[in-house]
There are 2 protein chains.
Amino acid sequence: MAHSEENPIPPTERQVREASRQRREGEKQALRQAILDAASEVFLEKGLESFSMRLVASKIGYSATTIYHHFKNKEDLLRAILDQSFGEFAQAMQESLAAEPDPSRRMGAMGKAYVRFGVAHPTHYQLMYNQRPDWLLDESSLAAEAYHLTYGLLLEGVKEGVSQGWLPPTDPRPLADWMWATVHGLVMLGITEFREDPDRLEAAMTLFDLAPPSHEVPQ
Amino acid sequence: MAHSEENPIPPTERQVREASRQRREGEKQALRQAILDAASEVFLEKGLESFSMRLVASKIGYSATTIYHHFKNKEDLLRAILDQSFGEFAQAMQESLAAEPDPSRRMGAMGKAYVRFGVAHPTHYQLMYNQRPDWLLDESSLAAEAYHLTYGLLLEGVKEGVSQGWLPPTDPRPLADWMWATVHGLVMLGITEFREDPDRLEAAMTLFDLAPPSHEVPQ
DNA sequence: TGGATCGAGTTAACATCGTTAACATACTTT
DNA sequence: AAAGTATGTTAACGATGTTAACTCGATCCA
């Protein structure tokens, strides 16, 4: 049973305290994560407008003020959701990049992956790109890091396309912004105007396969 | 002076009452319009999030509850703003259509006009297309009417382009949706990510002049 | 003319929100 | 043991949308 075997070298006071500190630290982080998970869930279900601290707290059985021991305020909590969302988004983009070896087809594949992520996570996508654009100006945030990383993927693809000739010889940045606008617009229409008619988004997305139109098999 | 000339036929009791009724009706409509104007102003300055009935009322020197004699509730008031905004938008689109006679150039001109309207009226544009998409499902509203009208203009242009050969021979609707997504995305990026850098939007918008690229002067 | 009715405005109140202050309790440190 | 810290609570404030109850004057009808 419990004390049938005794530790021949009992832990020092210092060791006990350290273990206790770690346990408490872990519990604190666990609760922080539980709040964050509950918050992300509430945000998904309710959207930004009906997202409330009290609702998040009640979801995990704490009073609302407890959240303020783990997050400075509502904005801080939403920024944590933003960081998490942008991280998942950047990962999805990198995976879609790695999945398609042909550079010219890669652009279309990434475009599709972009739109699919957006419409699959409508409320989070809107938080990322619509509702608090100024939060991305904080360059030290994880969100800003992922934001610049994904734009970098697009810009590199465009530069490659221009240099390889399967994109017109223009300034890459405006062209990248133009393409970004297209996928961003598809997501936004997909989660608003086309919400009741997903086939309409699918039909529009077939145009991703149109460019490059001429060389089915190079050489 | 005032009574130097007397009306030879004094108004009947009935006429007086009718005039009074009309005056009161006019005053009611005037206050309704004053509320609507103030609301649109508050909405422009504060955005949807900080738009409040009390703020609108205080702007015109009435108590908040007065608004409820002229609008059913906050949603009703915002819908009135939406109707007004969509009407102005549809008019701007029709003017841009009339201004450019060449059909192939017209698409680019309308695209530019679309984006310019959106970035010029950021908060109203977001109410129109982002924040309450379900309100457009009420087909009897002025907003829905203008919404379908503007989409019709785009779709007709695309059909014309396909039949005349300066657009690829594809199903017009997905192509129209694709183009819509592009301009919509440009507006959204323009009022969020590019807000601090208007030149970036301008640079992207130069691509409107790229298509059709080949025939500067037909024949 | 006098009393009923109605329109248009008011104040007071309710529930909900984010947030802070004050407090309780348990654990850690000294 | 005492002091301090971490983590939770309840109570309260001001702002929000909205409703109820009311005032007051104009209108309508006898």
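Chain naming here is simple, since letters A, B, ... match the order of the sequence lines and numbering starts at 1 in each.
For the pair A/Arg200 and B/Tyr151, the cation-pi test (distance below 6.0 Å, angle within 45°) is passed. No cation-pi contact links B/Arg173 to A/Phe194, judged by a cut-off of 6.0 Å to the six-membered ring centre and 45° from its axis.
What separates CD1 of B/Ile35 from P of C/dA8 is a distance of 11 Å, to the nearest Å. Going from atom NZ of A/Lys72 over to atom P of C/dG18 covers 16 Å, rounded to whole Å. Whole-Å rounding puts the B/Leu48 CG to D/dG17 P distance at 11 Å. One interatomic measurement links the two molecules: CZ of A/Phe71 to C1' of D/dT7, which rounds to 15 Å at whole-angstrom precision. As a whole-Å value, the separation of B/Tyr68 OH from C/dT10 P is 14 Å. In this structure, CZ of A/Arg32 is placed 16 Å from C1' of D/dT7, rounded to the nearest angstrom.
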Original post:
Could you go step by step and tell me if B/Asp76 and B/Tyr68 meet the side chain to side chain donor-acceptor pair (under 3.5 Å) rule?
Top reply: CA-CA 10 Å; B/Asp76 194 34; B/Tyr68 289 84; over 6 Å; no
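Taking the six-membered ring for Trp and the full ring otherwise, B/Tyr125 and B/His184 have centroids separated by under 6.0 Å. Side-chain rings of A/Phe208 and B/Trp178 approach one another, their centers coming within less than 6.0 Å. Here the two rings, on B/Phe89 and B/Tyr147, have centers that are 6.0 Å apart or farther.
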Original post:
Using a cut-off of 4.0 Å between protein heavy atoms and nucleotide atoms, how would you tag nucleotides 8-16 of chain D 5' to 3' with B, S and -?
Top reply: BBBBB---B
